[in-house]
Amino acid sequence: MTATHIGRLAGIPGQAPAVGPFSPAVIANGFIFTSGQIPAITGLNHQPDTFEGQVRQTIKNLAGVLEAAGSGLEHVVKVNTYLTSPEQLEEYNRVYVEYFGTAKPARTTVCVSLWGVSLEIECVAVLAPKTGPEIPAKEGSL
């Protein structure tokens, strides 16, 4: 059996510090697993006033974590979203599609009770490929 390298990010420059004892992202076997990102700008008490702004800030924070880990939103394969009210879904989808519309990663969205925030987003992404020619998919393959 081959040993698996697991990398853990300790913090993301320019982002609010984690609110608990966890890594913003863990990298293993070519995948990036992010912790839930919230709409914090500099801290839990500094968030955008509108829900739309909070969604945008959360996705900006998610993109920052992915970039620090060597990837980006275009490489996301799975998104888990936690909202605090079903009424948020339409506005969330409107903003979400601006960032993920053509990629359409797999997604789960649920309503839960959160501590001091209106949403949280986590994802799984693949590491960005090294520079080089892209190999086209064969017809009939995934």
Side-chain angles (χ1 to χ4, degrees), residues 1-85 88-142:
M1 182 180 274
T2 309
T4 301
H5 173 74
I6 298 176
R8 291 174 173 80
L9 296 182
I12 309 301
Q15 288 196 9
V19 295
F22 56 85
S23 299
V26 173
I27 304 165
N29 290 335
F31 288 95
I32 301 165
F33 302 85
T34 72
S35 294
Q37 298 302 300
I38 59 174
I41 298 170
T42 57
L44 192 57
N45 293 327
H46 185 203
Q47 301 177 35
D49 294 328
T50 66
F51 181 69
E52 177 182 344
Q54 292 170 7
V55 175
R56 291 184 190 286
Q57 183 65 45
T58 302
I59 294 173
K60 177 183 175 186
N61 293 346
L62 186 67
V65 170
L66 290 171
E67 184 178 315
S71 193
L73 293 174
E74 68 276 14
H75 299 292
V76 171
V77 296
K78 175 72 167 110
V79 174
N80 293 328
T81 302
Y82 306 92
L83 303 175
T84 54
S85 169
Q88 296 169 318
L89 185 59
E90 186 176 331
E91 188 169 12
Y92 173 75
N93 281 336
R94 187 176 50 74
V95 176
Y96 177 93
V97 76
E98 293 176 26
Y99 295 91
F100 295 105
T102 58
K104 294 186 179 173
R107 186 179 102 181
T108 299
T109 304
V110 296
C111 287
V112 299
S113 179
L114 295 171
W115 301 276
V117 295
S118 59
L119 78 153
E120 185 169 332
I121 304 172
E122 65 184 21
C123 74
V124 177
V126 294
L127 284 168
K130 304 291 183 207
T131 56
E134 184 174 320
I135 300 170
K138 294 180 182 176
E139 190 171 323
S141 66
L142 291 176

Q. How long is the span from the OG1 atom in T34 to the CD1 atom in I121, to the nearest 0.5 Å?
A. 9.0 Å
Q: Would you check if the side chain of E91 reaches a backbone N or O of V55 as a donor-acceptor pair within less than 3.5 Å?
A: no
Q) Does any pair with a residue in residues 40-49 pass salt bridge (charged side-chain N to carboxylate O under 4.0 Å, His left out), and if so which ones, sequence neighbours excluded? A) none
Q.
A40: which residues meet the side chain to side chain contact (heavy atoms under 4.5 Å, CB included) condition with it, sequence neighbours left out?
A. A16, I38
Q: Grab the two heavy atoms, one from C123 and one from L62, that are nearest each other, plus how far apart they are.
A: SG-CD1, 3.8 Å
Q. Looking at residues at least two apart in the chain, or sitting in another chain, which of them share a side-chain hydrogen bond (donor to acceptor under 3.5 Å, both in side chains) with Q37?
A. none
Q) side chain to side chain contact (heavy atoms under 4.5 Å, CB included) with A63: which residues, sequence neighbours excluded? A) L73
Q | Sequence neighbours excluded, every pair satisfying salt bridge (charged side-chain N to carboxylate O under 4.0 Å, His left out) that has a member inside residues 65-85 | A | none
Q: Check side-chain hydrogen bond (donor to acceptor under 3.5 Å, both in side chains) between T81 and all other residues, then give those that pass, not counting sequence neighbours.
A: Y92
Q | Heavy-atom pair of closest approach, residues V95 and Y99 | A | O-CD1, 3.3 Å
Q: Could you pull out all residues at least two apart from R107 that satisfy salt bridge (Lys or Arg N to Asp or Glu O under 4.0 Å)?
A: none
Q | Minimum-distance pair of heavy atoms, taken over all atoms of Y96 and I59 | A | CA-CD1, 4.4 Å
Q) Taking C-beta and beyond as the side chain, do Y82 and E122 meet within less than 4.5 Å on heavy atoms? A) yes
Q. Does E52 have any salt bridge (Lys or Arg N to Asp or Glu O under 4.0 Å) partners at least two apart in sequence or in another chain, and if so, which?
A. R56, R94
Q.
List the residues meeting side-chain hydrogen bond (donor to acceptor under 3.5 Å, both in side chains) with S85, not counting sequence neighbours, and say none if there are none.
A. E87
Q: Check L44 against G116 and note the closest heavy-atom contact, atom names and distance.
A: CD1-O, 4.3 Å
(Q) Using only atom types and a distance under 3.5 Å, with no angle test, would you say the side chain of S35 pairs donor to acceptor with the backbone of S23? (A) yes
Q. Counting only N and O atoms by type, is there a donor-acceptor contact under 3.5 Å from the side chain of Q15 to the main-chain atoms of N61?
A. yes
Q: List the atom of V65, the atom of P24, and the distance in Å for their closest heavy-atom pair.
A: CG1-O, 3.6 Å
Q.
Under the rule for side-chain hydrogen bond (donor to acceptor under 3.5 Å, both in side chains), what residues qualify as partners of E90, not counting sequence neighbours?
A. none
(Q) My understanding is that only residues two or more places apart in sequence, or in another chain, count here; which of them pass side chain to side chain contact (heavy atoms under 4.5 Å, CB included) with I6? (A) T4, R8, V26, A28
Q: Apply the test side chain to side chain contact (heavy atoms under 4.5 Å, CB included) to residues F31 and V126: give CA-CA distance (whole Å), side-chain angles for both, the deciding distance (0.1 Å), then the verdict.
A: CA-CA 4 Å; F31 288 95; V126 294; 3.6 Å; yes
**Q.** Taking every non-hydrogen atom, the tightest pair across A125 and L66
**A.** CB-CD2, 3.7 Å
Q. Side chain to side chain contact (heavy atoms under 4.5 Å, CB included) with S118: which residues, sequence neighbours excluded?
A. F51, Q54, T84, Q88
Q | Euclidean distance, L119 CG relative to L89 CG, rounded to 0.5 Å | A | 11.5 Å
